[in-house]
Amino acid sequence: MKKKIAIIGAGIAGLAAGCYGQMNGYETEIFEMHCIPGGLCTAWERKGYTFDGCIHWLMGANPDSMFYESWKEVGALEGKEFVNHEYIVQIENPSGEKLILYTDIHQLEKHLLELSPTDERIIKELADAVRKFKDIRLASKDPDLMKYFGITVGDFVQRFNSSFLREALLSFAPREYKAFSLIFQLAVYNNRDACWPVGGSLEFARRIEKRYLELGGKIQYQAKVEEIIIKDHRAMGIKLADGTTCESDFVISAIDGYTTIFRILKGKYIDDEIQTLYKNSKTSKTSIQISLGIDCDLSDQPYFVNTLLETPLRIGNNECNQVLIRNYCYDKTLCPSGKSVVTTLIYTDFEYWNELYKDQKAYGLEKKKAAKQFIEIFEKRFPKAKGKIEVIDVATPVTYARYTNVWQGSYCGWMFPAGKIPTTLPGFAGFYMAGQWTQPTGGLPTALMTGKGSIMRVCMEDGKAFRTCME
Ligand SMILES: Cc1cc2nc3c(=O)[nH]c(=O)nc-3n(C[C@H](O)[C@H](O)[C@H](O)COP(=O)(O)OP(=O)(O)OC[C@H]3O[C@@H](n4cnc5c(N)ncnc54)[C@H](O)[C@@H]3O)c2cc1C
């Protein structure tokens, strides 16, 4: 008889764990509280418009990428079309200066030199570092690239003479981040490993769900796990909110780490390291997403603009001095022909929105206010769309938490983890964790690889050789 694995969560990590579990001869069942797969990798439809809530850059669709084989194994790339952009973003300031952050580093270098010839030395240094960065595994062993771990983006950018280039680059990569992260981002685009999957995030997740079901996996939707069944400090199955139980030989939790450790397991299996991690670490930022459905074709307009503001906006309890406008004109599947989808993501504070949510009227008003402010800026930059907005949708950090349980609405997991991140818990057998909370900086490749890793660990415990296809 096959051994059974109960997997909590049908986000990308849970789906990946499911696929690899099936490939390795286990009977797996995924329990997902929502009614769709994908978790944070999602999209939603409003009056014929699809508003995408996740992917801006997907790593791994390029055959040279270290994630390519794994995405292929879980069926994510099958029959999919991908868009590689010509530029990452167009950064514009109120004085009319414009930096086009081309994905091709030669083109970007030329453009930067045109904008600021006196910055030739630092521009060449940046371009050379980006050209050298072929793969994170090689880059992390290369002293010429590792030196950028020793300085921040702020330190690096300070060396530019052009105040506009300083301002523009800081709007792309936060000042306090390591300079390595700026080079990494530019390199990933230059290596054509940061693309958009046509159809969007939910459609992408559905591909993996399809593969999982084809492999014989089972998923229960609207099945919220409230308890892990424990016998002699070993995970023996799960219990759902409606009281149903499912016995298993192993349990993999592919959901939010805080929920797993402190809510479901009630802090029973922790040590000082885990406590410190969850108490002192910085989680990734969270945002408000404003999405617009527009009765106007914006395909002749730029697809991604960052407008630097003269007067900062106040969204929630934060001031923001830049507004990103993403025009999804490169994907015709997201709305009827002749129409357009536009979104913005603005960093904000989870606690503020969580508190406001208790007063539904005030929460609704604040969402409306945020949308109004964004629309003013959007219509000024894209006058063609003025008066043609027919759908407005606002998702706040509370929305992420409500739909996926994600701790503090932090949709990329840890930013600066204060300690080792666990994938198992002390004194608790038969139990593994996967997903963005088990590796720093989160993201879809992390979800994929940690889902895969959780099955490798199960195989190891079980004395089996791990494999990546059915035999
Ligand atoms: C706005 C935004 C932009 C992003 N942009 C990118 C990008 O461009 N590139 C990139 O790589 N990544 C991006 N990400 C991050 C990426 O989406 C996440 O890091 C990744 O999807 C996390 O996957 P996961 O499987 O670890 O967790 P999740 O997606 O959180 O999945 C967990 C699943 O578990 C379910 N669940 C939770 N609690 C329970 C319970 N008790 N019982 C049953 N089910 C439960 C949830 O409903 C969810 O489906 C973005 C995210 C957002 C929101």
Side-chain angles (χ1 to χ4, degrees), residues 6-18 29-43 51-61 67 71 76 88 185 188 193-197 200-202 204-205 208-209 219-228 238-242 246 251-260 263-265 283-291 324 326 343-347 395-397 399-407 409-414 433-451 454:
I7 299 168
I8 316 174
I12 300 302
L15 291 170
E29 188 161 1
I30 302 180
F31 300 89
E32 165 58 50
M33 68 176 198
H34 204 350
C35 53
I36 48 172
L40 291 159
C41 184
T42 199
F51 295 139
D52 203 275
C54 182
I55 301 175
H56 302 137
W57 55 323
L58 174 73
M59 284 175 70
F67 304 114
W71 282 130
I88 307 172
Q185 280 196 70
V188 171
D193 194 21
C195 66
W196 163 259
S201 302
L202 179 56
F204 181 76
I208 309 175
E209 181 206 40
I219 307 191
Q220 278 198 40
Y221 286 108
Q222 292 180 310
K224 185 174 182 179
V225 173
E226 283 204 336
E227 228 180 284
I228 292 173
I238 55 92
K239 185 172 178 192
L240 300 178
D242 67 2
C246 166
V251 173
I252 294 175
S253 177
I255 66 170
D256 171 63
Y258 184 88
T259 307
T260 303
R263 293 194 182 129
I264 296 181
L265 290 167
T283 54
S284 65
K285 291 180 179 172
T286 187
S287 314
I288 176 168
Q289 173 165 330
I290 303 163
S291 310
L324 299 158
R326 193 178 293 275
T343 68
T344 189
L345 266 188
I346 299 172
Y347 290 134
T396 75
T399 316
Y400 297 120
R402 281 177 52 226
Y403 282 96
T404 68
N405 247 348
V406 70
W407 189 40
S410 296
Y411 50 73
C412 278
W414 304 111
M433 290 194 290
Q436 63 170 9
W437 294 94
T438 61
Q439 207 167 281
T441 68
L444 299 166
T446 295
L448 167 72
M449 298 313 282
T450 58
S454 65

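The chain is numbered in sequence order, starting from 1. Basis for what follows: all heavy atoms, side chains included, without hydrogens, waters or symmetry-related copies. Order of appearance sets the numbers: ligands from 1, and atoms from 1 within every ligand. Keep in mind the model is a prediction, meaning the values are calculated, not measured.
Of the listed residues (Ile238, Asp256, Ile252, Thr259), just one forms a side-chain contact (heavy atoms from CB on, under 4.5 Å) with Ile8, and that residue is Ile238. A side-chain contact (heavy atoms from CB on, under 4.5 Å) with Ile255 holds for exactly one of Val225, Thr404, Val406, Ile264; it is Ile264. When each of Cys41, Ser201, Cys412 is paired with Leu444, the side-chain contact (heavy atoms from CB on, under 4.5 Å) condition holds for Cys41 and for no other.
Heavy-atom contacts of Ile8 reach the following atoms of ligand 1: 42 (N), 43 (C) (cutoff under 4.0 Å). Of all the atoms in ligand 1, the ones that sit under 4.0 Å from a non-hydrogen atom of Tyr400 are 1 (C), 53 (C). In the vicinity of Gly435, heavy-atom distances shorter than 4.0 Å reach the ligand 1 atoms 26 (O). Atoms of ligand 1 found under 4.0 Å from any heavy atom of Ala254, numbered from 1 in the order shown, are 32 (C). For ligand 1, the atoms sitting less than 4.0 Å from at least one non-hydrogen atom of Phe31 are 43 (C), 44 (N), numbered in the order shown with element in parentheses. Near Gly11, the atoms of ligand 1 lying under 4.0 angstrom from a non-hydrogen atom of the residue are 25 (O), 31 (O), 33 (C), 49 (O). Taking a cut-off of under 4.0 Å to the non-hydrogen atoms of Pro445, the atoms of ligand 1 that pass are 11 (O).
Of all heavy-atom pairs spanning Arg402 and Met33, the tightest one is O-CE, 4.0 Å. For the pair Ile208 and Ala76, the tightest heavy-atom approach, listed with the atom from each and the gap, is CG1-CB, 3.8 Å.
Heavy atoms of Val406 come nearer than 4.0 angstrom to ligand 1 in no pair at all. The closest approach between any non-hydrogen atom of Ala223 and ligand 1 is below 4.0 Å. Within the structure, the closest approach of Ile55 to ligand 1 falls below 4.0 Å when heavy atoms are considered. In this structure, Leu345 has a heavy atom closer than 4.0 Å to ligand 1.
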Review point. Do Thr283 and Trp437 pass the side-chain contact (heavy atoms from CB on, under 4.5 Å) test, and can you show the C-alpha distance, the side-chain angles, and the key distance before you say yes or no?
Key: CA-CA 10 Å; Thr283 54; Trp437 294 94; 3.8 Å; yes
Practice item. For the pair Cys54 and Tyr411, evaluate side-chain contact (heavy atoms from CB on, under 4.5 Å) and give the outcome as yes or no after the intermediate values. Key: CA-CA 9 Å; Cys54 182; Tyr411 50 73; over 6 Å; no
Practice item. Report the C-alpha distance between Leu345 and His56 in whole Å, list the side-chain angles of each, state the deciding distance to 0.1 Å, and finish with yes or no for side-chain contact (heavy atoms from CB on, under 4.5 Å). Key: CA-CA 11 Å; Leu345 266 188; His56 302 137; 3.4 Å; yes
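Of all the listed residues (Tyr403, Trp407, Tyr411), Tyr411 holds the heavy atom that lies closest to atom 53 (C) of ligand 1. When His56, Arg402, His34, Met59 are checked for heavy-atom proximity to atom 8 (O) of ligand 1, His56 turns out nearest.
The residue Pro37 has no part lying near ligand 1, judged by heavy-atom distances below 4.0 Å. Neither the backbone nor the side chain of Ser287 comes within contact range of ligand 1; no heavy atom lies under 4.0 Å. When heavy-atom distances to ligand 1 are checked against a 4.0 Å cut-off, Trp437 has no atom that comes that close, whether in backbone or side chain. Contact annotation for Thr446 and ligand 1: no heavy atom of the residue comes within less than 4.0 Å of the ligand. In Leu58, neither the side chain nor the backbone holds a heavy atom less than 4.0 Å from any atom of ligand 1. If you look at Leu444 next to ligand 1, the close heavy atoms, those under 4.0 Å, come from the backbone and the side chain alike.
In this structure, atom 44 (N) of ligand 1 lies nearest to the protein heavy atom Met33 N, 3.1 Å. Protein heavy atom at the shortest distance from atom 36 (N) of ligand 1 is Ile255 CG2, 3.4 Å. Atom 26 (O) of ligand 1 has as its closest protein heavy atom Gln436 N, 2.8 Å. Distance from atom 9 (N) of ligand 1 to its nearest protein heavy atom, with residue and atom name: Trp57 O, 2.9 Å. Scanning the protein for heavy atoms near atom 13 (C) of ligand 1, the closest one is Cys54 SG, 3.9 Å. Among all protein heavy atoms, the one lying closest to atom 30 (O) of ligand 1 is Leu40 CD1, 3.5 Å. For atom 49 (O) of ligand 1, the nearest non-hydrogen atom of the protein is Glu32 OE1, 2.6 Å. When only non-hydrogen protein atoms are considered, atom 2 (C) of ligand 1 lies nearest to Gly53 O, 3.4 Å.
For ligand 1, none of its N or O atoms has an N or O atom of Ile264 under 3.5 Å away. Residue contacts with ligand 1: Ala13 is placed with a nitrogen or oxygen under 3.5 Å of a nitrogen or oxygen of the ligand (distance criterion only). At least one N or O atom of Asn405, backbone or side chain, sits closer than 3.5 Å to an N or O atom of ligand 1.
For Lys239, the NZ atom counts as loosely surrounded, since its 6.0 Å shell holds 12 or fewer non-hydrogen atoms of other residues, nucleotides or ligands.
With no hydrogens or angles considered, a side-chain donor-acceptor pair links Ser291 and Gln289 at under 3.5 Å.
With a 4.5 Å cut-off on side-chain heavy atoms, Leu58 and Trp71 count as touching. Side-chain contact check for Met449 versus Gln439: every heavy-atom pair is 4.5 Å or farther apart. Asn405 has its side chain within reach of Lys224: a pair of non-hydrogen atoms, C-beta onward, lies under 4.5 Å apart. Annotation: side chain of Thr42 is not in contact with side chain of His34 (no heavy-atom distance under 4.5 Å). Proximity of Asp52 to Thr343: side-chain heavy atoms (C-beta onward) are nowhere separated by under 4.5 Å.
With rounding to the nearest 0.5 angstrom, the CD1 atom of Ile288 is 6.5 Å from the CD1 atom of Ile346.
With Ser253 contributing its side chain and Met433 its backbone, the two residues share no donor-acceptor pair below 3.5 Å.
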